[in-house]
Amino acid sequence: MTRLFRRCGHAPGALSIEDQAVVDAFRALLTARKNPQPWMPGSGHDIAIRVGPFVERAHPIPGDDHGPDVISVTLVHPDTPHVPYADRYTSKGWLRCETSTILGTWNPAYRMLTHAAAGLDLPDDIAMPQAHYAIHIARYPHGEFGQLLLRIGPYTQCHHTERDADRLNALLERGNTGAVAKTTLFVVSDHESYADPYTTDVAALTAAAIAREASV
């Protein structure tokens, strides 16, 4: 990638405006790499992560960005929102990102190290598996989150989650329970509080949770 920083081949003398811009960008990159701004979970800031020999911009998923070893992110084009083909990045979906690959808070100076800056598409294999999904069943009085009755997850496929959420919402509506099933990301650090959807009957789990809540 050194070709990104090569002079344009002008005659000896003062740097051209174009060459000076490249030099300035390279200096900003060196400064950003030497003194990265620390990223704090829950801050809402995008992060810079290593993807092979490149650096990419990623957006942590709120509520699933506190894992000590792994968080969930979606890749973001470095020129967002001023880019017409950002879907090449977002089509990757929600991904599991090892925290050891995080350089720090995203800095525009990192753009020179991205696939986009090198004129490349993202590779098919970016060494980040798909994030898992979950269903939260709760009462939502007045449209606001209420009492959480049951957590089901992790689902390994989004369409499995949507299928069961539709099924459970139909069940909850027929029973006039006042509860709603909503899909969400699987919370990395809270495995024990979720029921496994692949080894149990989610409808039976939901009915039991509603019955327990009604008996209290």
Please round to the nearest 0.5 Å and tell me the distance separating atom SG of Cys97 and atom CD of Glu56.
11.5 Å

Value rounded to 0.5 Å, distance of CG in Asp46 from CH2 in Trp39:
10.5 Å

Among residues at least two apart in sequence or on other chains, which ones pass salt bridge (charged side-chain N to carboxylate O under 4.0 Å, His left out) with Arg163?
none

Can you name the closest pair of heavy atoms from Pro78 and Arg111 and give their distance?
CB-CG, 3.8 Å

Cluster link Ile135 to Leu185, ILVMFWY, side chain under 4.5 Å
yes

If you compare all heavy atoms of Leu149 against all heavy atoms of Ala179, which two are closest, and at what distance to 0.1 Å?
CD1-CB, 4.0 Å

For Tyr155 and Tyr198, take the angle between the two ring planes, folded into 0 to 90°, and tell me which bin it lands in: parallel under 30, tilted 30 to 60, perpendicular over 60.
perpendicular

Is there any salt bridge (charged side-chain N to carboxylate O under 4.0 Å, His left out) pair reaching into residues 194-204, and which pairs are they, with sequence neighbours excluded?
Arg167-Asp201

Mark yes or no for whether Thr105, through its side chain, and Pro38, through its backbone, hold a donor-acceptor pair below 3.5 Å.
yes

With heavy-atom distances below 4.5 Å as the criterion, would you say the side chains of His136 and Leu148 are in contact?
yes

Nearest non-hydrogen partners of Ala181 and Leu172, listed with the distance:
N-CD1, 3.9 Å

Between Gly153 and Tyr194, which heavy-atom pair has the shortest distance, and what is it?
O-CB, 3.5 Å

Could you go through Ile152 and Thr206, starting from their C-alpha distance and side-chain angles, then the distance that decides it, and tell me whether this counts as side chain to side chain contact (heavy atoms under 4.5 Å, CB included)?
CA-CA 9 Å; Ile152 304 173; Thr206 301; 4.2 Å; yes

Tell me whether Tyr133 shares a hydrophobic cluster with Val73, the cluster being built from Ile, Leu, Val, Met, Phe, Trp, Tyr side chains joined at under 4.5 Å.
no

Mind checking the CG-OG1 spacing from Leu75 to Thr114? Nearest 0.5 Å is all I need.
11.5 Å

Under the side chain to side chain contact (heavy atoms under 4.5 Å, CB included) criterion, do Val180 and Lys182 qualify, and how do the steps go?
CA-CA 6 Å; Val180 177; Lys182 291 188 176 182; 4.0 Å; yes

Start with the C-alpha gap between His115 and Val51, add the side-chain angles, then the distance that decides, and say whether side chain to side chain contact (heavy atoms under 4.5 Å, CB included) holds.
CA-CA 9 Å; His115 286 82; Val51 178; 4.2 Å; yes

same_hphob_cluster(Leu122, Met128) at 4.5 Å side-chain heavy-atom cutoff:
yes

Anything under 30° is parallel, anything over 60° is perpendicular, the rest tilted; go ahead and classify His132 against Phe186.
tilted

With a 3.5 Å distance limit and no angle check, can you tell me whether Arg50 reaches the backbone of Ser100 through a side-chain donor-acceptor pair?
yes

Should Ile126 and Ile49 be regarded as members of a common hydrophobic cluster, given that ILVMFWY residues are connected when their side-chain heavy atoms come within less than 4.5 Å of each other, either directly or indirectly?
yes

With distance as the sole test, does Thr99 use its side chain to make a donor-acceptor pair with the main-chain N or O of Asp69 at under 3.5 Å?
yes

How far apart are the C-alpha atoms of Ile47 and Ile71, what are their side-chain angles, what is the distance that settles it, and do they pass the side chain to side chain contact (heavy atoms under 4.5 Å, CB included) test?
CA-CA 12 Å; Ile47 57 177; Ile71 64 172; 4.1 Å; yes

Report whether Leu113 and Trp106 are members of the same hydrophobic cluster (ILVMFWY, side-chain heavy atoms less than 4.5 Å apart, transitive linking).
yes

How many angstroms lie between atom CG of Leu171 and atom CG of Asp164, to the nearest 0.5 angstrom?
11.5 Å

Supply the atom-to-atom distance Arg174 CZ to Asn169 CG, rounded to the nearest 0.5 angstrom.
11.0 Å

Salt bridge (charged side-chain N to carboxylate O under 4.0 Å, His left out) involving Asp125 - partner list, sequence neighbours excluded
none

Please answer whether the main-chain N or O of Lys92 pairs with a side-chain N or O of Gln130 as donor and acceptor at a distance below 3.5 Å.
yes

Got a second to check how far Glu213's CD is from Leu150's CG, nearest 0.5 Å?
12.0 Å

